[in-house]
Amino acid sequence: MTNLDEIFNSAYKSKVFRRREVLLPDYIPEILPHRDKEIKKVALTLAPSLRGERPSNIFIYGLTGTGKTAVVKYVLRKLKENATGKGVNIGYIYVNVRHRETPYRILADIAEHFNIRVPFTGLSIGEVYNRIIRKISNIETVFIITLDEVDFLVKKYGDDLLYNLTRINEQLSRSKVSLIGITNSLKLIESLDPRVKSSLNEEELVFPPYDAKQLQDILYPRAMDAFVENALDEDIVPLCSALAARDHGDARRALDLLRIAGEIAEREERDRVVKDDVMKARIEIERDRVSDIIKTLPLHGKLVMLSILITTGYGKDYATTGEIYDKYKKIVSTLGFEEITLRRVSGIIGELDMLGIISGRIISRGRYGKTRVINLGGDANTIIEALREDPIMDEILDEEAKWK
DNA sequence: CCTCCACAGGAAGCGCAGGAGT
DNA sequence: ACTCCTGCGCTTCCTGTGGAGG
């Protein structure tokens with residue numbers, strides 16, 4: 001073996017991980033602990049497709065990381081395997097609505113599964129819809145379309161698309177389509193058109209959150225698979241489970257913590273993951289999340305974020321929408337930009353609140369009006385760091401520092 | 001008890017960019 | 001070249017509201 005081989009080999013061979021991919025969010029294990037009941041229910045509902053019949057539509061509720069997506073994907077995979085064995089045609093399509101959050105993109109995504117090429121924009125929604133129908137109408141297949149996180153779609157664009165999809169069968173001659181809707185919010189179904197509601201809710205399934213013990217049952221087998229023997233301190237898995245259990249029993253969060261903790265240990269070329277790595281992982285996850293959001297903010301979004309940062313005294317204090325808007329106007333006028341309206345700034349603040357970058361609550365000060373009181377939810381430095389990636393923000397922050 | 005502040009947040013719509021079809 | 005489509009950031013106009021002060 002030459003020197004180079006040795007280098008590559010030792011770089012390739014991690015001291016911590018054996019199969020890191022087992023911890024990635026889209027990995028579906030062979031066994032899903034504490035979800036037997038749910039798997040059975042989904043399987044029973046979808047089973048008629050093996051006889052070429054259209055299965056009932058299913059609606060699934062549950063908070064993030066409760067195994068909704070995993071269960072659905074798992075059952076669909078098994079179903080498909082079973083179908084090919086029996087010579088039945090079943091097609092399944094999985095679309096995550098959060099990543100494709102407009103009706104057009106969702107349809108475009110579905111279309112792409114059928115090998116219909118659709119442009120990023122330019123076609124009418126109806127046209128994409130028609131192309132899909134034209135393409136699949138005559139194929140003798142049961143299609144199961146899964147829409148993950150539909151709440152995002154309904155909240156922003158209403159239920160038109162859902163309504164059309166539930167009625168798609170009327171326009172198909174030989175193929176059949178059934179839908180699986182997955183949502184985080186229990187309130188969603190109430191806001192739906194009654195027609196959509198009854199048709200989509202043929203079967204309904206609620207996924208309860210995991211508790212710390214159940215999270216451990218999920219983590220242990222995966223940790224065994226993912227890590228080299230003895231790479232984990234004993235208290236690592238319980239710690240990740242406990243932290244995630246506090247976070248409404250989110251299994252994905254628990255797996256992320258475990259994986260990132262491992263990556264930190266690996267980066268530092270240690271062969272053992274310790275408690276402190278988990279704590280660091282927690283900070284790192286938060287930093288990445290904040291930085292991703294701030295980076296993709298439009299210019300005025302960043303300026304508003306900056307104004308919040310300054311008016312709240314870098315997180316030590318509270319500020320109202322009005323105070324933030326005043327500060328924003330000052331910043332904008334020194335830069336010579338055109339300012340956006342209060343309405344829009346209020347909207348941006350609302351969005352930042354929803355994203356959890358800041359935390360605000362609406363209060364009434366009686367005579368002195370009703371407003372939103374805001375402070376930074378998390379760490380100011382994380383936000384400053386993310387903002388400084390934009391040269392304009394960087395300059396303003398330097399300027400601001402001089403005044404102090 | 002009523003008023004009226006300082007906004008929240010819904011609805012409609014505008015102008016532009018990116019792209020399709022004709 | 002021209003029309004038509006959507007997404008995005010934004011504006012305009014709007015109605016709604018908890019409670020301190022009169």
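Lettering follows sequence order; numbering is per chain, from 1. Keep in mind that the numbers below use all heavy atoms, side chains included, and drop hydrogens, waters and symmetry copies. On a predicted model such as this, the values are computed, not experimentally measured, just so you know.
- A sub-4.0 Å separation between OP1 or OP2 of dC5(B) and a side-chain N or O of Thr371(A) is absent.
- With respect to Glu323(A) and Lys330(A), no salt bridge is recorded, no charged nitrogen being found less than 4.0 Å from a carboxylate O.
- OP1 or OP2 of dG21(C) has at least one side-chain nitrogen or oxygen of Tyr368(A) nearer than 4.0 Å.
- The base of dG9(B) does not come close enough to the side chain of Arg372(A) for any donor and acceptor atom to sit less than 3.5 Å apart.
- Here the side chain of Lys370(A) is nearest to one of dA6(B), dC10(C), dC8(C), namely dA6(B).
- Between His300(A) atom NE2 and dG9(C) atom P the separation is 12 Å, expressed in whole Å.
- Thr341(A) has a side-chain polar atom (N or O) that falls below the 4.0 Å cut-off from OP1 or OP2 of dT11(C).
- Under the 6.0 Å distance and 45° angle rule, Arg259(A) does not count as a cation-pi partner of Phe227(A).
- Among the atoms of the strands shown, none is found under 4.0 Å from any heavy atom of Glu323(A).
- Atom CG in Asp353(A) sits about 16 Å away from atom P in dC7(B), given to the nearest Å.
- The only option from Lys80(A), Lys78(A), Lys86(A) that meets the side chain to side chain donor-acceptor pair (under 3.5 Å) definition with Asn82(A) turns out to be Lys86(A).
- The interatomic distance linking Phe337(A) (CZ) with dC10(C) (C1') rounds to 16 Å, in whole Å.
- At the phosphate of dC10(C), OP1 or OP2 sits under 4.0 Å from a side-chain N or O atom of Arg344(A).
- Rounded to whole Å, the distance from CZ on Arg367(A) to C1' on dG19(C) is 10 Å.
- What separates CD1 of Ile348(A) from P of dC7(B) is a distance of 16 Å, to the nearest Å.
- Contact check, Ser346(A) against dA8(B): a side-chain N or O comes under 4.0 Å of OP1 or OP2.
- If you measure from atom CD of Glu351(A) to atom P of dC10(C), you get 9 Å, rounded to the nearest angstrom.
- The OH atom of Tyr325(A) sits 19 Å away from the P atom of dC5(B) (whole-angstrom rounding).
- For dG9(B), the base has a donor-acceptor partner in the side chain of Arg343(A) [N/O atoms by modelled type, under 3.5 angstrom].
- Atom CE in Met354(A) sits roughly 13 Å away from atom C1' in dG9(B) (whole-Å rounding).
- Environment of OH in Tyr220(A): crowded, with over 12 heavy atoms of neighbouring residues, nucleotides or ligands closer than 6.0 Å.
- Remark: Phe143(A) engages Phe114(A) in a ring-ring contact (aromatic ring centres under 6.0 Å, His included) (not counting sequence neighbours).
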